[in-house]
Peer 1: 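I'd like to ask some things about the structure below.
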Amino acid sequence: MELSTVLSLVLVLLGYLWWKVTRPKSFPPGPLALPIVGNLLQVDFNNFLKDLKEFSKAYGPVYSIYLGTTPAVVVRGYKAIKEVLITKGTEFADRPLNGILQAVSGNRGLVIAPYGQAWKEHRRFTLSTLRSFGLGKKSMEERIAEESSYLIKEFEKNKDTLLNPHVAIDNAVSNIICSIVFGRRYDYDDSTFQNVLNLVHENMKLTTSVWTQEREQDSSRTTYDSKNLFACVVDLFVGGTDTTSASLEWCLLYMMRFPDIQEKCRNEIDKVRGDRERLDYEDRVCMPYTQAVLQEVQRFTNVVPLGAPHSTLKDEQLNGFTIPKGTMIIIDLSSLHKDETYWKYPDEFNPENFLNEDGELLKVESFLPFSAGPRGCIGENLARMELFLFFTTLLTHFEFQWPDPASPPDLTPVFGITQPTKPFKMRLVSRR
Ligand code: HEM
């Protein structure tokens, strides 16, 4: 091949690669993207949220970045996020196409399923299953109370040593999903339990047959088959375990960092509990301080900082820009939680952020750790109930102490879709 032909081909290829990362007219602006890598070299994934905030200083609350050659629109701040999640909730409720994930999942289940009839049906069915298995009823509360007593026993075994609570908390939280899906819990030292997904496989035959029969009686045109049920069960574990256990671990870490706040919570718990063994979930209505602490931990730690990516169902207008059908939308939920328009102490860990002058609990509209709208978290009520009951039971039984007063706990999260704590060990002082 002649040199001039090779050069022409190289130029055409370069032109194509530049074109792939050139923003269409009316598309949200953003930092200059390079061929192939896009903006990946300009972001540090250990500090991704900080980078997203920096870009928004230059480009505003709605801007774009290229993840390789894939354009993504980043949405920050309450006004724009409300428009995407609520006002135009359905229009922005699709999930981006991801060849690998789609091939693995076959578009089944909930979390990454595209918006459409099958997703709607799975979501409705999963919600009604959660409800009929006891969410919002006493039975769910009793399951969590029972699991709390196992967690207490596990902690008791370790009260003379320093304990890393991760495995026990993870197992306790997974057991709540197990009790809904499989109708039973698993001991913390059960080797099978250490691999939840194996469990899912083992038990699916039984669960599937029960659920499928139930569905088949309902409708002959259901999208439910054993693979879809399996995907929904996996999604309950994926969505419901790490998120909730990381939140509970953050609660313990912050209580050790702020022992005076821990003490105030315990006083409120003791006062409301009286002579009873444990609190009921409905007791929360007269426990504004404890509720404010739990919400403040969620606000400050942003356990799922970017939610799950959304995508547009058709061409859409947002903030004066045109966003083509199928564009990935990154919703920076963490941007809501430090916005000084909405918070008295945006950069300070302070439960007063959720309390008025009379100590009553405030409802703050820009507090959205579970996202909102048609794609909002399906497990929000369950997670809130778990956090309240596990947290108050743990504080009833133990005082949590940071073992090394000379160096306070490291409160830097490990960045990921879910942001857990760094591994830590704590000292338990039994109160009984
Ligand atoms: C503290 C705990 C939790 C947090 C912070 C959390 C947060 C979130 C967030 C931010 C989303 C993305 C919503 C969106 O795309 O806009 C989500 C989705 C989801 N969550 Fe949760 N979640 C928690 C607990 C749970 C639990 C306990 C379950 C299961 C019982 C669960 C199941 C799901 C599912 C299935 C989805 C996907 C919904 C859909 O795409 O239609 N989550 N969650």
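Starting from 1, each residue takes its place in the sequence as its number. In listed order, ligands and their atoms are each counted from 1.
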Peer 1: Hey, does Glu386 come in under 3.5 Å of ligand 1, counting only N/O atoms on both sides?
Peer 2: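 Between Glu386 and ligand 1, no N or O pair is found under 3.5 Å apart.
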Peer 1: For Leu382, take its heavy atoms, then give the atoms of ligand 1 lying under 4.0 Å from any of them.
Peer 2: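 Those qualifying, in numeric order: 30 (C).
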Peer 1: So does Asp280 get a backbone contact from the side chain of Asp283, meaning a donor-acceptor N/O pair under 3.5 Å?
Peer 2: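 Yes; judged by distance alone, with no hydrogens or angles, the pair exists.
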Peer 1: I'd like to know if the side chain of Glu352 pairs up with that of Asn350 as donor and acceptor (distance under 3.5 Å, no hydrogens or angles considered).
Peer 2: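 No donor-acceptor contact under 3.5 Å links the two side chains.
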Peer 1: Look at Asp339 together with Lys79 and state whether they make a salt bridge at an N to O cut-off of under 4.0 Å.
Peer 2: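 Here Asp339 does not pair with Lys79 in a salt bridge, since their nearest N and O are not under 4.0 Å apart.
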Peer 1: Which ligand 1 atoms does Leu333 reach within 4.0 Å, using its non-hydrogen atoms?
Peer 2: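 This gives 10 (C) as the contact atoms.
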Peer 1: Hey, can you pull the donor-acceptor pairs under 3.5 Å for the side chains in residues 396-403, sequence neighbours left out?
Peer 2:
unit_1	atom_1	unit_2	atom_2	d
Thr396	OG1	Thr392	O	2.6
His397	ND1	Thr393	O	3.0
Glu399	OE2	Gln401	NE2	3.2
Trp402	NE1	Asp404	O	3.4
Trp402	NE1	Ser407	O	2.7

Peer 1: Is there a donor in the side chain of Ser245 and an acceptor in the side chain of Asp170, or the other way round, less than 3.5 Å apart?
Peer 2: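 The criterion, which ignores hydrogens and geometry beyond distance, is satisfied for Asp170 and Ser245.
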Peer 1: When the ring planes of Phe367 and His337 are compared, do they come out parallel, tilted or perpendicular, using 30° and 60° as the limits?
Peer 2: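 Answer is tilted, since the angle falls between 30° and 60°.
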Peer 1: Any idea which atoms of ligand 1 are less than 4.0 Å away from a heavy-atom of Ala308?
Peer 2: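 This gives 12 (C), 15 (O) as the contact atoms.
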Peer 1: With a heavy-atom distance limit of 4.0 Å, tell me whether Val303 approaches ligand 1 through its side chain, its backbone, both, or neither.
Peer 2: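 Neither part.
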Peer 1: Would you mind checking if Glu156 and Lys153 are paired as a salt bridge, meaning a charged N to carboxylate O distance below 4.0 Å?
Peer 2: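 Here Lys153 does not pair with Glu156 in a salt bridge, since their nearest N and O are not under 4.0 Å apart.
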Peer 1: Leaving waters out, which protein N, O or S atoms fall under 2.8 Å from atom 21 (Fe) of ligand 1?
Peer 2: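 Short answer, with waters excluded from the count: Cys377 SG.
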Peer 1: Throw together a table of side-chain donor-acceptor distances under 3.5 angstrom for residues 370-380, partners on residues two or more places apart or in other chains.
Peer 2:
unit_1	atom_1	unit_2	atom_2	d
Arg375	NE	Ala93	O	2.9
Arg375	NH1	Leu110	O	3.0
Arg375	NH1	Ala113	O	3.3
Arg375	NH2	Ala113	O	2.4
Glu380	OE2	Arg384	NE	3.2
Glu380	OE2	Arg384	NH2	2.9

Peer 1: Examine ligand 1 and decide if any of its atoms is less than 4.0 Å from a heavy atom belonging to Arg95.
Peer 2: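 Contact present.
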Peer 1: Is the shortest side-chain N to carboxylate O distance from Lys314 to Glu316 below 4.0 Å?
Peer 2: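 Here Lys314 pairs with Glu316 in a salt bridge, since their nearest N and O are under 4.0 Å apart.
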Peer 1: Is there any salt bridge (Lys or Arg N to Asp or Glu O under 4.0 Å) pair reaching into residues 293-302, and which pairs are they, with sequence neighbours excluded?
Peer 2: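 Counting only pairs at least two positions apart or across chains, the salt bridge (Lys or Arg N to Asp or Glu O under 4.0 Å) contacts touching residues 293-302 are Glu296-Arg299.
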Peer 1: Please identify which atoms of ligand 1 are closer than 4.0 Å to at least one heavy atom of Gly307.
Peer 2: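 Counting atoms of ligand 1 from 1, those under 4.0 Å from Gly307 are 10 (C).
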Peer 1: Hey, does Arg375 come in under 3.5 Å of ligand 1, counting only N/O atoms on both sides?
Peer 2: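 Yes, since at least one N or O of Arg375 sits under 3.5 Å from an N or O of ligand 1.
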Peer 1: What part of Ile331 sits under 4.0 Å from ligand 1 if we count only heavy atoms: the side chain, the backbone, both or neither?
Peer 2: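 Contact part for Ile331 vs ligand 1: neither.
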Peer 1: May I ask you to identify the nearest protein heavy atom to atom 36 (C) of ligand 1, giving residue, atom name and distance to one decimal place in Å?
Peer 2: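 Scanning the protein heavy atoms, the shortest distance from atom 36 (C) of ligand 1 goes to Val111 CG2, 4.1 Å.
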Peer 1: Evaluate the side chain to side chain contact (heavy atoms under 4.5 Å, CB included) criterion for residues Asp347 and Lys338: first the C-alpha distance (whole Å), next the side-chain angles of each, then the deciding distance (0.1 Å), finally the verdict.
Peer 2: CA-CA 6 Å; Asp347 298 315; Lys338 294 278 167 78; 3.6 Å; yes
Peer 1: Considering distance alone, does some N or O of Asp235 sit under 3.5 Å from an N or O of ligand 1?
Peer 2: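 There is no such contact.
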Peer 1: Could you tell me which atoms of ligand 1, counted from 1 in the order shown, lie closer than 4.0 angstrom to a heavy atom of Arg123?
Peer 2: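 Every atom of ligand 1 under 4.0 Å from some heavy atom of Arg123: 38 (C), 39 (C), 41 (O).
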Peer 1: Does a side-chain N-to-carboxylate-O contact under 4.0 Å join Glu154 and Lys157?
Peer 2: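 Result for this pair is yes, salt bridge flagged.
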Peer 1: Using a strict cut-off of 4.0 Å, indicate which atoms of ligand 1 neighbour a heavy atom of Ser247.
Peer 2: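 Near Ser247, the atoms of ligand 1 are 1 (C).
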Peer 1: In ligand 1, which numbered atoms sit nearer than 4.0 Å to a non-hydrogen atom of Pro369?
Peer 2: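 Reading through ligand 1 atom by atom, the close ones are 5 (C), 7 (C), 10 (C).
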Peer 1: Please report the C-alpha distance between Phe391 and Thr290 in whole Å, then the side-chain angles of each, then the deciding distance to 0.1 Å, and finally whether the side chain to side chain contact (heavy atoms under 4.5 Å, CB included) criterion is met.
Peer 2: CA-CA 9 Å; Phe391 181 73; Thr290 306; 4.0 Å; yes
